[in-house]
Protein chains: 2
Amino acid sequence: MNVRTLCLGILTFKEASGYEIKKMVEEDVFGHFIDASYGSIYPALTKMMAEGLVNVRAEEQAGKPDKKVYAITPFGRQELAAALLVDPAKDKFKSEFMFQIMLQEFLPKEHVAQIYQSQIEYLRDEIEKIRCCVGDHQVNHPSMSFVAGFGEASLGAGLKFLEDNRAQILGDETPSLTLVDGTLDHNKDQIEGQSKDQKNA
Amino acid sequence: MNVRTLCLGILTFKEASGYEIKKMVEEDVFGHFIDASYGSIYPALTKMMAEGLVNVRAEEQAGKPDKKVYAITPFGRQELAAALLVDPAKDKFKSEFMFQIMLQEFLPKEHVAQIYQSQIEYLRDEIEKIRCCVGDHQVNHPSMSFVAGFGEASLGAGLKFLEDNRAQILGDETPSLTLVDGTLDHNKDQIEGQSKDQKNA
DNA sequence: TTGATATATATCAATTTGATATAAGGGCTC
DNA sequence: GAGCCCTTATATCAAATTGATATATATCAA
């Protein structure tokens with residue numbers, strides 16, 4: 001599946017600008033199983049406009065550049081339906097965190113402890129975001145709550161595993177605290193010595 | 001993280017050819033959280049050889065082309081350690097299956113039923129593969145069993161969700177086996193319209 | 001015998017990423 | 001009231017990566 005199909009699919013839920021589509025695949029329920037960058041979204045929309053799969057409405061805005069709001073056309077829906085009628089590709093999960101864990105022997109203990117904690121916090125955040133999505137925003141769409149439920153289940157199980165098997169990787173620190181109320185906080189073996197200005201490669 | 005780092009990481013476990021590295025990211029424990037294609041692996045190995053990060057040993061084989069077995073050098077290990085000392089990028093999960101489910105209204109019912117069943121079987125296979133990996137093959141490496149455990153937990157929860165929430169997407173077919181202790185409740189009356197079994201591949 | 005599958009390396013067009021440029025507005029602080 | 005960062009918004013582009021294909025041989029099955 002390519003970015004074209006992805007954009008068409010999103011536009012069936014509501015009309016949107018390229019910028020908004022990007023936000024949706026970053027933050028919305030969509031974000032948990034699809035991905036795309038500006039560099040592919042904008043050209044895809046331009047091309048699909050020329051082909052009549054979408055149409056545009058320029059929304060003038062004080063100061064900011066005009067927002068180009070795209071909407072899917074009947075022809076676009078037709079193309080989408082055709083593009084979807086294939087066996088979906090296998091799920092793909094990428095995790096640099098897991099890669100680093102596999103190679104922990106090459107890393108300072110403090111680094112491993114730090115990324116482990118960050119990963120736990122990241123997963124908690126993601127789960128929280130899904131719950132918010134389902135709560136406030138209209139996840140009236142039945143398949144949306146299904147997809148959200150799946151994400152919550154998977155991420156929840158992963159999080160629980162990380163919480164339960166900390167000792168396997170980090171030796172022992174914070175042994176069994178999560179049982180009380182779920183708020184583990186104090187790492188007696190401090191990580192504070194390290195700066196946290198590491199950049200992604 | 002790029003393919004270079006990925007190859008170096010894998011080569012710390014054992015020396016391997018480009019072909020074998022590809023197999024490893026396809027089938028081994030690695031396969032559950034990293035990915036790479038021939039088109040990126042081969043050039044990466046060639047370049048890293050020129051840079052002294054790996055070295056090669058040509059293994060002659062009857063008939064087949066010589067196998068070029070790559071091994072990581074001390075300099076390669078040094079570079080790997082440096083490349084790993086960054087905040088890992090966010091996990092990324094891609095699922096065309098979920099995308100199709102979100103857009104099920106554009107798809108024939110039978111197609112949805114078919115991909116749903118395939119997805120369940122696919123997840124069962126993946127979990128089985130992980131268990132095999134841990135069983136026979138040497139997952140002596142402690143972090144390998146950790147990573148395998150994480151995968152099993154996440155995939156297992158996802159699989160259970162699909163099994164338990166079938167009705168939410170497919171209407172009703174194959175209704176109740178998991179209902180004994182399950183949390184889902186509001187399934188009193190079902191539409192018994194179609195009970196065709198679809199076990200197509 | 002034909003076809004399919006597996007080992008093995010390699011290339012390359014097409015797609016996609018990730019970073020950057022441009023431009024205006026708002027908010028923060030000092 | 002200047003400096004700075006963040007957000008909205010579109011767009012481009014080098015570099016990385018994919019996915020498909022080519023080449024060659026061996027084996028197994030129909």
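Proteins come first, then strands; the chains are lettered A, B, ... in the order of their sequence lines, and each starts at number 1.
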Atom NZ of B:K47 and atom P of D:dA16 are separated, to the nearest Å, by 7 Å
With sequence neighbours excluded, what pairs up with A:D125 under the side-chain contact (heavy atoms from CB on, under 4.5 Å) test? none
Ion pair B:K94/A:D91, N-O distance below 4.0 Å: no
What base-paired stems does DNA chain D take part in, with at least 3 consecutive Watson-Crick or G-U wobble pairs and both distances under 3.5 Å? C:1-30 with D:1-30
Counting neighbours of NZ on A:K23 that are heavy atoms of other residues, nucleotides or ligands and sit closer than 6.0 Å, is the number greater than 12? yes
Does D:dT8 have OP1 or OP2 sitting under 4.0 Å from an N or O in the side chain of A:S17? no
From OH of B:Y42 over to P of D:dA22, roughly how many Å is that when rounded to an integer? 17 Å
Are the aromatic ring centres of A:F93 and B:H32 under 6.0 angstrom apart? no
Integer-rounded Å distance: D:dA9 P and A:M24 CE: 14 Å
Under 4.0 Å from OP1 or OP2 of D:dT10: is there any side-chain N or O of A:Y19 that close? no
Parallel under 30°, tilted from 30 to 60°, perpendicular over 60°: which one fits the rings of B:F146 and A:Y116? tilted
Atom CD1 of A:I21 to atom C1' of D:dA11: distance rounded to whole Å? 15 Å
Salt bridge check, B:K67 against B:E20: does any charged N sit closer than 4.0 Å to a carboxylate O? yes
What is the distance, rounded to the nearest whole Å, between atom CD of A:E59 and atom P of D:dT8? 15 Å
Hey, what's the ring geometry for B:F33 with B:F30, parallel, tilted or perpendicular (30° and 60° as the breaks)? tilted
Can a side-chain donor-acceptor contact be found between A:Q100 and A:H111 if the only test is distance below 3.5 angstrom? yes
Between CE of A:M1 and CD1 of A:I34, what distance do you get to the nearest 0.5 Å? 6.5 Å
Separation of C:dA6 P from B:K22 NZ (nearest whole Å): 14 Å
Indicate, with a heavy-atom threshold strictly under 4.0 Å, whether A:T46 touches base, sugar-phosphate, or nothing. nothing
Over how many whole Å does the gap from B:M49 atom CE to C:dA10 atom C1' extend? 14 Å
At less than 4.0 Å, is any side-chain N or O atom of B:K68 found next to OP1 or OP2 of C:dA10? Yes or no. yes
Check: protein-nucleotides 17-19 of chain D nitrogen or oxygen pairs below 3.5 Å:
from	atom 1	to	atom 2	distance (Å)
D:dT18	OP2	B:S37	N	3.2
D:dT18	OP2	B:S37	OG	3.1
D:dT18	OP2	B:S40	OG	3.1

Could you state the CD-C1' distance from A:E26 to D:dC6, rounded to the nearest angstrom? 14 Å
